[in-house]
Amino acid sequence: MQLPTYVHKDNLGQWGVFLEQVDRVTPHLGKLGVWADTLRRPKRCLIVDVPVRMDDGTVHHFEGYRVQHNISRGPGKGGLRYHPDVTLSEVMALSGWMTVKVAVLNLPYGGAKGGIRVDPKPFSSSELERLTRRYTSEVGIIIGPDKDIMAPDVNTNEKVMAWVMDTYSINVGTTSPGVVTGKPVNLGGSLGRRDATGRGCYVVAREAMRRLGMEMRGARIAIQGFGNVGDAAARIFHQNGAIIVSIQDIDGTIYNPAGINPYQLRDFLSEGGKSLLDFPGAERISNNDFWSMDCDIILPAAHENQITLDNANNIRARIIVEGANGPTSPQAEDILLDKGIIILPDVLANAGGVTVSYFEWVQNSSSFFWNEDEINVRLDHALSDAFKAVWELGQNMKISLRTAAFVVGCTRVLEARQLRGLYP
Ligand code: NAD
């Protein structure tokens, strides 16, 4: 199939990884395979210029994107990322994974994603607010509670979602909480959303461990990333008796074979100006040692392309739980599978966030709110059921869990595509 001209065939980046995953699933889609090219092209890509007046009076321009990969099953759904390495290719891949993920969970959404190519770390709060509001206004023509709904991702949070919601609402002239999820609870956010992605990682790991005859109590876990996903995952695994032996973030890696207390680490970092490496409850080790650690689970929760040909051979963990999107390259995955390592793929393992986002959106449209226990129980059921479907398909068809998850998700998407037919 011809590639869109806006991606370069020699430099496909993460979009190339997504295309390879689609290629791997296509032979398993039966007659629906004739529609698979639908997945190889995003439906809509919007690139916007985001000019921002900085506090010193100068104006800087940033490149922003919103991609709607597929909306056959419902409005687009996907996070908003601020990072200096964001590219159109990356946002396309992330939106494609959202298409598959929401379908694996059978949520009535399509896949979307947004990003701004910016390092937000040196920004003041008011610069960040102006950046967010201008971006929201620029992509306002394609987002909305029934069109495309944003959520937090790397370097964005509840506060950013509140600005998105307010800007969109002002532009359309009505208060519109359903345009974002992951917003503050008193703006219509859902209880349980903050920890939902990390909780989902725990649920799928627990289900896999049950089937593999492994105990959660005493299981040794190494986590890359201590942000929205990694922090929540660390706390929930810890609450359930697992031992967090190592944590890596942008500053480096820490290790304690007796266990790192994630609550103490969070308190330590929240004092501000502190580095993970100075946490008194652990020793520093090299970033390379993180990947070769003797542990039961590695949970990448930072960025794409972290498990590659460079480190896959050294990995000794029994299970990889993909909290991050796209952390494993297809070539590294082949090595891990050959070694018998179980990979719980991103489109299943980190789907807890979008599942509770869906609960938030439903609560917003009905203006009726659930308590946190109800949310957590529904999340647990949704992910356990999705895990079971993917696991059993993987066993029956003798395919990897990623390909099995893609079979489940892509079948739902392409069935919808076929039922809707081609216009005109
Ligand atoms: P975040 O910005 O809150 O945290 C990112 C973490 O990664 C930080 O601790 C940072 O220090 C660390 N990090 C950054 N670069 C690193 C590097 N080179 N080496 C090691 N660590 C590094 O982001 P997040 O929202 O937790 O998202 C993490 C991943 O999870 C992303 O892939 C995201 O797409 C995915 N994800 C997030 C959600 C969500 O609800 N936030 C949902 C699904 C998937």
Side-chain angles (χ1 to χ4, degrees), residues 14 17 77-86 90-91 93-98 100-102 104-105 111-115 118-121 150-161 180-183 189-190 192-201 204 222-235 246-254 262 265-266 269-270 274-277 279 285-288 290-291 298-308 311 321-328 344-358 360 379 383:
Q14 290 302 303
V17 174
K77 183 84 190 83
L80 171 62
R81 169 177 295 200
Y82 294 171
H83 196 278
D85 297 336
V86 165
E90 180 187 59
V91 180
L94 290 162
S95 69
W97 287 321
M98 286 307 295
V100 180
K101 190 182 305 179
V102 292
V104 170
L105 268 291
K113 199 83 183 190
V118 60
D119 178 5
K121 290 276 152 57
M150 290 194 202
D153 192 72
V154 174
N155 291 326
T156 60
N157 53 22
E158 290 184 357
K159 197 168 158 193
V160 171
M161 292 304 111
V180 289
T181 57
K183 54 193 170 287
S190 179
R193 173 62 184 87
R194 200 175 292 163
D195 286 355
T197 308
R199 185 176 297 283
C201 292
V204 295
I223 300 179
Q224 186 197 35
F226 197 67
N228 293 324
V229 181
D231 170 20
R235 282 182 285 107
S246 182
I247 296 182
Q248 181 183 101
D249 79 357
I250 186 90
D251 290 339
T253 307
I254 56 171
L265 177 59
R266 193 165 66 153
L269 293 175
S270 67
K274 295 268 176 69
S275 163
L276 174 97
L277 296 177
F279 179 59
I285 60 168
S286 80
N287 283 348
N288 283 343
F290 175 85
W291 298 107
I298 293 184
L299 196 159
H303 279 294
E304 300 97 46
N305 206 31
Q306 297 300 300
I307 304 178
T308 62
N311 54 17
V321 182
E322 292 188 338
N325 285 305
T328 313
L344 302 178
D346 45 10
V347 290
L348 173 68
N350 70 32
V354 73
T355 303
V356 175
S357 279
Y358 167 61
E360 180 174 331
L379 170 64
L383 275 176

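Values in this document were obtained by computation on a predicted structure and should not be read as measured data. As the structure lists them, so they are numbered: ligands from 1, and atoms in each ligand from 1. Computation of the quantities below employed the complete heavy-atom set of this structure, encompassing side-chain atoms and omitting hydrogens, waters and symmetry-equivalent molecules.
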Item to check | Residues that Asn157 engages under side-chain hydrogen bond (donor to acceptor under 3.5 Å, both in side chains), provided they are two or more places apart | outcome: none
Next on the checklist: Tell me which residues fall inside the under-4.0 Å heavy-atom shell around ligand 1.
Outcome noted: Arg81, Pro152, Asp153, Val154, Asn155, Arg193, Thr197, Gln224, Gly225, Phe226, Gly227, Asn228, Val229, Gln248, Asp249, Ile250, Ala301, Ala302, His303, Gly323, Ala324, Asn325, Asn350
Next on the checklist: Between Glu360 (side chain only) and Tyr358 (backbone N and O only), is there a donor and an acceptor less than 3.5 Å apart?
Outcome noted: no
Next on the checklist: Let me confirm one number: the CG-CD1 distance from Leu265 to Ile223, rounded to the nearest 0.5 Å.
Outcome noted: 10.0 Å
Checklist outcome for this item: Taken in chain and number order and not counting sequence neighbours, the residues that satisfy side-chain contact (heavy atoms from CB on, under 4.5 Å) with Ser95 are Val67, His69, Lys113
Item to check | Which residues share a ring-ring contact (aromatic ring centres under 6.0 Å, His included) with Phe226, sequence neighbours left out | outcome: none
Checklist outcome for this item: Tested for side chain to side chain donor-acceptor pair (under 3.5 Å) against Glu90, the lone hit among Gln14, Arg81, His83 is Arg81
